[in-house]
Amino acid sequence: MPDFSARLIAWQRQHGRHDLPWQNTRDPYRIWLSEIMLQQTQVSTVIPYYAKFLARFPDVAALAAAPSDDVMALWAGLGYYTRARNLHRCAQVVVERHGGAFPASVDELAELPGIGRSTAAAIASFAFGARATILDGNVKRVLARVFGVEGFPGEKKVENAMWTLAESLLPSNASNAEVSGYTQGLMDLGATLCVRGKPDCARCPFAPDCVANVTGRQRELPTARPKKAVPTRRTWMLVLRDGNAVMLERRPPSGIWGGLWSLPEAADEASLAERARAFGSDGEVSALAPFSHVFTHFKLDIEPRLAAFDRGVGALAALNDADTAWVALDDLDSFGVPAPVRKLLTSLHGSLI
DNA sequence: CAAACGTGGCT
DNA sequence: TAGCCAAGTTT
């Protein structure tokens, strides 16, 4: 399809999205921030986080200078927390090694923490008019359908073929504005017309040439991810409570909820009771309602236990240090707390006292 | 290179 | 409802 890019650019100009919060700017900082947040995350989810970050950290220098805990607290709830740590590191690298200005080339961008090939292309095309293709979920879906690309796009072989195809479709001599429109068009087509469930082929500029549309295979393309059973893990969480405050513990930097503040955990009931005693609680440990939380790759059954504590007569364990903190339930916002733990504590806040 | 890595929206 | 998956990157 020799006129793929021209058709896409024309479609985007007329029917694409033009008023998202991170559009209508060439500020690499704002574009970068949005692109990181939008990785594996829907637009509607990102919008309030993007606004919060921009208000608190108006430029890359402000973000670089912030304490890591502040960045994590602001990111809490968005998920994939490695993104937040890389975001912070990236800001510091840009300030310390690039004089506070994002590099303009795809290759240099892709060397920065948290910026891979697709995000680098997005930033380079939106901020600098570079001729580089993205390859996100939207593009994979559009390419699979329009060109009839078979196979699960998460598979390396298929993904490589799609990168090659996507590169070949780039507009050859386009202005900066056209390059931005092309990249945005790829996303918009996938996000608004060529959606997973019921694609609106009637309004699609590629309908007459689209393999999936012509053959009625919209449902089979792109090829679905192979099904895998999700294992279940189980954990006991300690709600050590002193009046309106609970004790939180810093999680290790990597692994699930890496770098967030969460409730102390144990692998079984007895171990949790022992931890409660070690912290200095001499009261009873009582069961709260169990619940489960589903991640992408496993299900977590959570057994919360409540124990009373009195810091007034408590021991050294009552003191805050780098990895433990007593937090008022009204003040959870200033700590990066995992979403389900936050929900648990918030519901407790309503029912206690 | 397959697996790890969150959460919420949608069907 | 339970399953699928979204503006992917890192290890």
Side-chain angles (χ1 to χ4, degrees), chain A residues 16-17 20-23 30-50 72 75-87 89-90 109-126 132-142 152-160 162-163 166 180 183-192 194-198 219 222-231 233 251-260 262 292-300 336-343:
Chain A
R17 298 173 291 186
L20 294 169
W22 39 85
Q23 290 184 292
R30 295 182 176 225
I31 292 165
W32 162 72
L33 179 62
S34 73
E35 290 303 329
I36 301 301
M37 289 185 165
L38 285 160
Q39 288 170 359
Q40 299 287 281
T41 310
Q42 297 187 341
V43 166
S44 59
T45 304
V46 165
I47 287 174
Y49 284 87
Y50 180 75
M72 297 309 289
W75 193 277
L78 244 198
Y80 284 149
Y81 297 98
T82 298
R83 289 185 297 171
R85 304 180 76 78
N86 282 336
L87 184 86
R89 282 205 295 139
C90 182
L109 285 166
E111 286 175 18
L112 294 168
I115 302 181
R117 183 174 175 181
S118 185
T119 299
I123 298 169
S125 65
F126 286 140
T133 190
I134 58 167
L135 186 64
D136 62 5
N138 289 310
V139 184
K140 287 174 178 173
R141 190 168 50 254
V142 168
F152 172 52
E155 193 182 328
K156 210 62 183 174
K157 180 184 66 179
V158 178
E159 190 179 351
N160 287 340
M162 285 188 167
W163 272 115
S180 296
T183 300
Q184 190 63 48
L186 285 174
M187 295 170 169
D188 289 353
L189 193 69
T192 66
C194 197
V195 294
R196 183 167 65 95
K198 286 187 166 90
R219 251 171 47 84
T223 304
R225 168 189 303 276
K227 293 181 198 287
K228 262 177 297 187
V230 261
R233 301 181 202 169
R251 295 184 62 85
S254 62
I256 207 78
W257 297 333
L260 294 193
S262 190
S292 44
H293 183 75
V294 182
F295 296 96
T296 307
H297 52 301
F298 68 95
K299 176 173 167 238
L300 186 63
V337 178
V341 175
R342 185 194 163 88
K343 272 181 209 157

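In what follows, chains carry the letters A, B, and so on, assigned in the order in which the sequence lines appear, proteins first and then strands, with residues in each chain numbered from 1. Because only heavy atoms are used, hydrogens play no part in the values below, and waters and symmetry mates are left out as well, while side chains stay in.
For A/Thr119, the side-chain atoms get nearest to C/dT9 when compared with the rest of B/dG6, C/dA7, C/dT9. When distances run from any side-chain atom of A/Phe295 to the nucleotides C/dG8, C/dC4, B/dG6, the shortest one goes to B/dG6. Nearest nucleotide to the side chain of A/Ile256, out of B/dA3, B/dG9, B/dG6: B/dG6. In the set C/dA7, C/dT10, B/dT7, the nucleotide with an atom closest to the side chain of A/Asn86 is C/dT10. Of all nucleotides listed (C/dA7, C/dG8, B/dG9), B/dG9 comes nearest to the side chain of A/Gln42. When distances are taken from the side chain of A/Tyr81 to each of C/dA7, B/dG6, B/dG9, the shortest belongs to B/dG6. Counting only heavy atoms from C-beta on, A/Lys343 has its side chain closest to B/dG8 among C/dT9, B/dG8, B/dC5. Listed candidates were B/dG8, C/dG8, C/dC5. Nearest to the side chain of A/Gln39 is C/dG8.
On the C1' atoms, B/dC1 is 16 Å away from B/dC5, given to the nearest whole Å. For the C1' atoms, the distance from B/dG8 to C/dT1 is 16 Å, rounded to whole Å. For the P atoms, the distance from B/dA3 to C/dA7 is 24 Å, rounded to whole Å.
Ring-plane geometry between A/Trp22 and A/Tyr50 is classed as perpendicular, the angle between the planes exceeding 60 degrees on a 0 to 90 degree scale with a lower cut at 30. Relative orientation of the A/His293 and A/Phe295 rings is perpendicular, given thresholds of 30° and 60° on the angle between their planes.
A/Trp257 has a side-chain polar atom (N or O) that falls below the 4.0 Å cut-off from OP1 or OP2 of B/dT7. Phosphate proximity of B/dA4 to A/His297: absent, as no side-chain N or O sits under 4.0 Å from OP1 or OP2. Taking 4.0 angstrom as the limit, A/His293 places a side-chain polar atom (N or O) nearer than this to OP1 or OP2 of B/dT7. Listed pair A/Lys198 / B/dC10 fails the phosphate criterion, with no side-chain N or O lying under 4.0 Å from OP1 or OP2.
Put simply, NZ on A/Lys156 is 6 Å from P on B/dC1, counting in whole angstrom units. What separates CG of A/Leu20 from P of C/dA7 is a distance of 12 Å, to the nearest Å. Distance A/Ile36 CD1 to C/dT9 P: 8 Å, rounded to the nearest Å. Atom CD in A/Glu35 sits about 16 Å away from atom P in C/dA6, given to the nearest Å. Straight-line distance from the CG atom of A/Leu33 to the P atom of C/dA7: 18 Å, rounded to whole Å. Separating the CD1 atom of A/Ile47 from the C1' atom of C/dA7 is a distance of 13 Å, rounded to the nearest angstrom. Between the P atom of B/dA3 and the CZ atom of A/Arg225 lies a distance of 10 Å, rounded to the nearest Å. We find that OH of A/Tyr49 is positioned 13 Å from P of B/dG6, with the value rounded to whole Å.
No hydrogens or angles were tested; on distance alone, a donor-acceptor pair under 3.5 Å links the side chain of A/Thr296 to the base of B/dG6. Judged by distance alone, with hydrogens and angles left aside, A/Arg141 brings no side-chain donor or acceptor close enough to the base of C/dA6 to form a pair under 3.5 Å. One donor-acceptor pair, N or O on each side, does fall under 3.5 Å between the base of B/dG6 and the side chain of A/Thr41.
Among the heavy atoms of the strands, none lies under 4.0 Å from A/Ile134. Using a 4.0 Å heavy-atom distance criterion, A/Val294 is classed as a base contact. If you check every strand for non-hydrogen atoms under 4.0 Å, A/Lys228 touches sugar and phosphate atoms only. Among the atoms of the strands shown, only primed sugar atoms or phosphate atoms (P, OP1, OP2) are found under 4.0 Å from some heavy atom of A/Gly77. Across all strands shown, A/Ala339 has heavy atoms under 4.0 Å from sugar-phosphate atoms exclusively, and none from any base. The residue A/Gly114 sits close only to the backbone: its heavy atoms come under 4.0 Å of sugar-phosphate atoms, none of a base. Nucleic acid contact class of A/Gly255 (heavy atoms, under 4.0 Å, all strands): sugar-phosphate only. Nucleic acid contact for A/Trp22: base, since at least one base atom lies under 4.0 Å from a heavy atom of the residue.
Scanning both residues, A/Ile123 and A/Ile31, for their nearest heavy atoms gives CA-CG2, 4.0 Å. Here the closest non-hydrogen pair linking A/Ser125 and A/Thr183 is OG-OG1, 3.0 Å.
A distance-only check finds a donor-acceptor pair linking the side chain of A/Ser118 to the backbone of A/Leu135 [under 3.5 Å].
Heavy-atom neighbours of A/Arg17 CZ from other residues, nucleotides or ligands within 6.0 Å: above the threshold of 12.
The residue among A/Thr45 and A/Glu155 whose nearest nucleotide of DNA chain B lies closer to the 5′ end is A/Glu155. Heavy-atom nearest nucleotides on DNA chain C were determined for A/Val230 and for A/Asp136, and the one closer to the 5' end corresponds to A/Val230. Comparing A/Arg196 and A/Gln40 by the nucleotide of DNA chain B that holds the closest heavy atom to each, the one mapping nearer the 5' end is A/Gln40.
For the 3.5 Å distance criterion, the side chains of A/Asn138 and A/Arg141 qualify, holding a donor opposite an acceptor.
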Review point. How far apart are the C-alpha atoms of A/Asn86 and A/Arg83, what are their side-chain angles, what is the distance that settles it, and do they pass the side-chain hydrogen bond (donor to acceptor under 3.5 Å, both in side chains) test?
Key: CA-CA 5 Å; A/Asn86 282 336; A/Arg83 289 185 297 171; over 6 Å; no
